[in-house]
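Written out below as structure tokens is the structure these notes cover.
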Amino acid sequence: RSDDPLLKIEGLRSGYGRIEALHGVSLEVRPGEVVALVGGNGAGKTTLLRAISGVQPVTAGGVRFSGTDLTRASAHARVKAGIAQVPEGRQIFSPLSIEDNLRLGAYLRKDAEIAADLERVYDLFPVLKERRRNPAGGLSGGQQQMLAIGRAMMSRPKLLLLDEPSMGLAPVLVDQVFAIIARLREEEAVTVFLVEQNAFAALSIADRGYVIETGEIAMTGSGRELLTDERVREAYLGV
Ligand code: ATP
């Protein structure tokens, strides 16, 4: 694992009109890491993720990716640079088939390897292969989350951004989705930055984590350090 960060956020400020939601956030994600950003409702997790993917304007600070300043780059340019987002609520296209949803993830690519990548995604998620001709809307919540991750993988991202992957899922499915994220790190060498309210599930698989409180990074450490930290346990793990 190289120590040069793949993603480097420095002093990031962003908000909605006059309301500032992020008050100078700094963090980094190194190649091959799974990094979790945890925090309560309204702490600024989604705003930060949207600022990274380029759909939320920033007022100060910067976003560097692979050594390039992307602070003012369009969302489209960031996808091209290798950043893929799995949005909160998944946003799959229900009437389209599962396979067409996956192909949409490769829309910026023209290379001949799309078919091979489709097979890789089907290897990771056999249930998607079995049902590939069916409308995506018929999948369960957990399966839709898998589809959204698979679709993002189709852009061959260097960095996968996940917004609340556990949202709305039964505990057994939460475990499955996080097991998949761990597998992506091991087998596909994908770098992952994920935001979660489910701090336990996220920190359990994360190499490192950050805790965000009211728009500021309050704590950082390895996943294990944060899981055993008294303050984290009281505030986020209900212990
Ligand atoms: P949640 O887990 O509930 O989505 P979050 O940590 O993702 O929370 P954000 O959605 O980033 O938090 O919200 C950060 C702050 O910005 C909150 O105070 C929120 O009320 C405010 N905010 C979010 N979206 C908007 C918006 N469209 N207009 C105005 N304020 C907003």
Side-chain angles (χ1 to χ4, degrees), residues 7-29 34-63 65 70-75 78-79 83-92 141-142 144-145 148-149 152 159-171 173-175 177-178 181 192-206 208-221 223 226-227 229 231-239:
L7 175 71
K8 191 171 175 68
I9 308 290
E10 246 174 345
L12 201 77
R13 292 178 181 271
S14 180
Y16 305 89
R18 288 189 192 158
I19 302 165
E20 192 177 76
L22 301 176
H23 313 296
V25 168
S26 299
L27 58 79
E28 58 184 53
V29 180
V34 172
V35 174
L37 177 74
V38 302
N41 242 302
K45 302 183 298 299
T46 299
T47 305
L48 178 60
L49 216 51
R50 289 166 50 86
I52 297 170
S53 58
V55 293
Q56 166 76 33
V58 307
T59 49
V63 177
F65 183 70
L70 290 185
T71 315
R72 308 278 162 229
S74 68
R78 296 181 203 211
V79 176
I83 301 177
Q85 177 153 20
V86 180
E88 185 175 333
R90 2 254 191 235
Q91 295 177 21
I92 61 153
Q144 290 190 11
Q145 183 65 65
I149 293 172
L159 176 68
L160 199 56
L161 301 177
L162 301 171
D163 194 357
E164 303 264 358
S166 80
M167 196 176 62
L169 300 183
L173 292 176
V174 173
D175 291 346
V177 166
F178 279 97
I181 295 166
V192 177
F193 181 63
L194 65 97
V195 312
E196 258 301 339
Q197 287 206 40
N198 187 335
F200 181 78
L203 294 174
S204 296
I205 66 145
R208 290 189 306 111
Y210 293 88
V211 177
I212 187 169
E213 286 172 357
T214 54
E216 288 178 277
I217 300 297
M219 256 183 286
T220 184
L226 291 175
L227 267 182
D229 182 277
R231 274 162 67 205
V232 174
R233 290 168 70 82
E234 272 178 32
Y236 301 103
L237 305 178
V239 183

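Just so you know, these numbers come straight off a predicted model, no measurement behind them. One-based numbering, in listed order, for ligands and for the atoms of each.
Put simply, the side chain of Glu20 never gets that close to the backbone of Arg13: no donor and acceptor are under 3.5 Å apart. The closest donor-acceptor contact from the side chain of Thr214 to the backbone of Ala43 lies at 3.5 Å or more, if one exists at all. Within the 3.5 Å criterion, the main-chain N or O of Gly40 finds a donor-acceptor partner in the side chain of Lys45.
The atoms of ligand 1 that sit less than 4.0 Å from any heavy atom of Thr46 are 4 (O), 5 (P), 7 (O), 10 (O), 11 (O). Each of the atoms 9 (P), 11 (O), 13 (O), 14 (C) of ligand 1 lies under 4.0 Å from some heavy atom of Thr47. Within ligand 1, counting atoms from 1 as listed, the ones closer than 4.0 Å to a heavy atom of Gly40 are 6 (O). Of all atoms in ligand 1, listed by their number and element, those nearer than 4.0 Å to a heavy atom of Glu164 are 2 (O). Close approach of ligand 1 to Lys45 is summarised as follows: ligand atoms under 4.0 Å from at least one heavy atom of the residue are 2 (O), 5 (P), 6 (O), 7 (O), 8 (O), 11 (O), 12 (O).
Within the 4.0 Å cut-off (strictly below), a protein heavy atom is located near atom 26 (C) of ligand 1. For atom 9 (P) of ligand 1, a protein non-hydrogen atom is found at a distance below 4.0 Å.
Around the CD atom of Glu10, the shell of radius 6.0 Å holds no more than 12 heavy atoms that belong to other residues, nucleotides or ligands.
In this structure, Ile19 does not count as a contact residue of ligand 1, since none of its heavy atoms falls inside 4.0 Å of the ligand. Heavy-atom distances between Gly39 and ligand 1 stay at or above 4.0 Å for every pair.
Scanning both residues, Gly209 and Thr220, for their nearest heavy atoms gives O-OG1, 2.9 Å. Heavy-atom minimum distance, Phe178 versus Pro165: CZ-CG, 4.1 Å. Scanning all heavy atoms of the two residues, the minimum distance from Val35 to Glu28 falls at CG2-O, 4.4 Å.
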Subject >> Residues Ser204, Leu227; criterion side-chain contact (heavy atoms from CB on, under 4.5 Å); working and verdict >> reply: CA-CA 7 Å; Ser204 296; Leu227 267 182; 3.8 Å; yes

Original post:
Hey, mind stepping through Ile83 and Leu70 against side-chain contact (heavy atoms from CB on, under 4.5 Å) and telling me if it holds?
Top reply: CA-CA 11 Å; Ile83 301 177; Leu70 290 185; 4.0 Å; yes

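Looking only at heavy atoms of the protein, atom 3 (O) of ligand 1 is closest to Asn41 OD1, 2.5 Å. The nearest heavy-atom contact from the protein to atom 2 (O) of ligand 1 is Gln197 NE2, 3.0 Å. When only non-hydrogen protein atoms are considered, atom 17 (C) of ligand 1 lies nearest to Gly42 O, 3.5 Å. Among protein heavy atoms, the minimum distance from atom 12 (O) of ligand 1 is reached at Gly44 N, 3.1 Å. Looking at atom 23 (C) of ligand 1, its nearest protein heavy atom turns out to be Tyr16 CE1, 3.4 Å.
Atom-to-atom distance recorded for Glu196:CD and Tyr236:OH is 13.5 Å, nearest 0.5 angstrom.
Below 3.5 Å of separation, one finds no N or O of Ala21 facing any N or O of ligand 1.
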